[in-house]
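Heads up, the thing below is written out as structure tokens.
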Number of protein chains: 2
Amino acid sequence: MTASSGAGVPGATRSDTVATVVRQWEAVHPDLDTGPMEIIGRVNRCAALLQQAEDAPLRRAGLSRPEFDLLGALRRTGHELTPGDLARETFSSGAAVTKRVKALTERGLVERRGDTRDRRVAHLRLTDAGRDLVDGLLPEQLAYETSVLSGMDPAEQDGLAVLLSALLGRLEGRLGAPRP
Amino acid sequence: MTASSGAGVPGATRSDTVATVVRQWEAVHPDLDTGPMEIIGRVNRCAALLQQAEDAPLRRAGLSRPEFDLLGALRRTGHELTPGDLARETFSSGAAVTKRVKALTERGLVERRGDTRDRRVAHLRLTDAGRDLVDGLLPEQLAYETSVLSGMDPAEQDGLAVLLSALLGRLEGRLGAPRP
DNA sequence: AGTAGGTGCTTTACGAGTAAAACACCTGCT
DNA sequence: AGCAGGTGTTTTACTCGTAAAGCACCTACT
């Protein structure tokens with residue numbers, strides 16, 4: 001009665017790994033509504049496969065994905081960011097940002113400048129080399145993403161983007177400040 | 001011209017973090033087609049938030065998510081699995097499985113039995129305590145997932161499941177055996 | 001002015017995953 | 001039978017992220 005997708009969707013959406021996992025759970029726990037798994041299991045699995053695939057070109061450039069995210073944040077915002085800004089922007093802990101920034105400055109991709117007013121804070125920006133690296137990598141990433149999505153027609157792509165946005169909106173609203 | 005979702009979708013899908021990130025990239029690189037980001041960025045972000053949220057009840061039970069995945073694989077298949085099977089089933093490395101199995105057997109959740117034919121392989125199964133733990137946790141997980149999705153009506157949920165399945169099918173087909 | 005409390009960042013200690021090597025065992029060829 | 005090569009699992013050395021403590025600095029109250 002939980003109004004989920006238990007409905008049926010007759011023979012659709014066969015042949016992905018999540019479908020077989022869901023069927024296994026249904027066999028073992030016929031009483032539970034496995035509808036949500038059809039969505040959330042697939043989101044998780046898609047994300048895992050996408051990251052694995054997209055990491056390859058980055059590693060070729062000697063970057064981890066979190067490092068690329070950090071450089072990307074600096075590039076796309078267009079202005080300097082503090083470590084704290086970067087932590088929020090890349091959804092990672094402050095400590096992780098500290099270490100990544102250290103590694104990236106040593107490699108000459110990022111520069112730091114102390115704030116004159118508040119001597120606790122640092123301002124970070126890309127060096128020319130850092131900017132060039134991001135600008136070289138980004139088209140590669142997008143080309144791969146485009147090729148993955150090329151199997152879906154544009155209407156499906158838009159539909160997927162809209163539905164995911166709805167889901168994400170809900171997640172971000174609900175999880176903005178959870179109780180640990 | 002790459003037939004992506006660049007079309008427009010006028011004012012739709014505002015107010016999630018991915019939308020603002022995409023707008024930033026568009027401002028810096030107006031030449032690139034950022035359509036794929038609208039999908040793939042959201043998949044990644046949704047997965048990150050979902051995992052973070054779903055980890056909480058697991059940690060309360062003293063389990064990490066990979067550990068729960070391992071126990072879940074044993075539960076849903078209903079029969080014994082070898083470490084290799086588990087590695088494939090949970091998409092993790094053999095070494096990681098070895099360590100997790102060790103920890104879980106020490107906690108009395110998993111039992112191992114040597115193969116009589118081939119003495120290299122072990123067969124693993126849940127203890128009663130392991131089975132009970134999974135069976136107690138699973139409804140919690142599903143209830144949370146149901147509540148997250150409760151904002152979407154059933155038709156949207158089905159649509160999302162179908163579209164994600166199409167994407168996942170493509171990813172699994174393409175990435176079954178990549179070249180490192 | 002002096003100080004208590006908060007903020008921004010970094011350091012430390014540790015846990016967890018990985019890749020590569022090591023190990024133990026099986027299989028098929030001669 | 002004996003051994004070369006393959007497979008299933010574990011071990012080792014290392015990397016990376018995290019939580020919690022630590023440090024330096026700012027701010028606002030008395």
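Naming: A, B, ... by sequence-line order, numbering from 1 per chain.
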What residues form a salt bridge (Lys or Arg N to Asp or Glu O under 4.0 Å) with R65(A), not counting sequence neighbours? E54(A), D55(A)
Considering only side-chain heavy atoms of P83(A), which listed nucleotide, dG17(C), dA20(C), dC9(C), is closest? dC9(C)
Provide, to the nearest angstrom, the distance between the CZ atom belonging to R120(A) and the P atom belonging to dC25(D). 10 Å
Consider the side chain of R112(A), meaning its heavy atoms from C-beta on, and name the nucleotide among dG8(C), dT10(C), dA24(C) that approaches it most closely. dT10(C)
Closest to the D118(B) side chain: dC26(C), dT11(C), dA19(C)? dC26(C)
Look at all strands and tell whether G94(A) reaches a base, only sugar-phosphate, or nothing, counting heavy atoms closer than 4.0 Å. base
Would you kindly give the CG-to-C1' distance between L86(B) and dG17(C), to the nearest whole Å? 17 Å
Strictly below 4.0 Å: does R119(A) bring a side-chain N or O up to OP1 or OP2 of dG8(C)? no
When all nucleic acid strands are considered with a 4.0 Å heavy-atom cut-off, which category describes S93(A): base, sugar-phosphate, or nothing? sugar-phosphate
With a 4.0 Å cut-off on heavy atoms, is K99(A) in touch with a base, just the backbone sugar-phosphate, or nothing at all? base
At 4.0 Å (heavy atoms only), tell me whether S64(B) reaches a base, stays on the sugar-phosphate, or touches nothing. nothing
OP1 or OP2 of dT11(C) versus the side-chain N and O atoms of T98(A): is any pair under 4.0 Å? no
D115(A) CG to dC26(D) C1', straight-line distance once rounded to whole Å: 11 Å
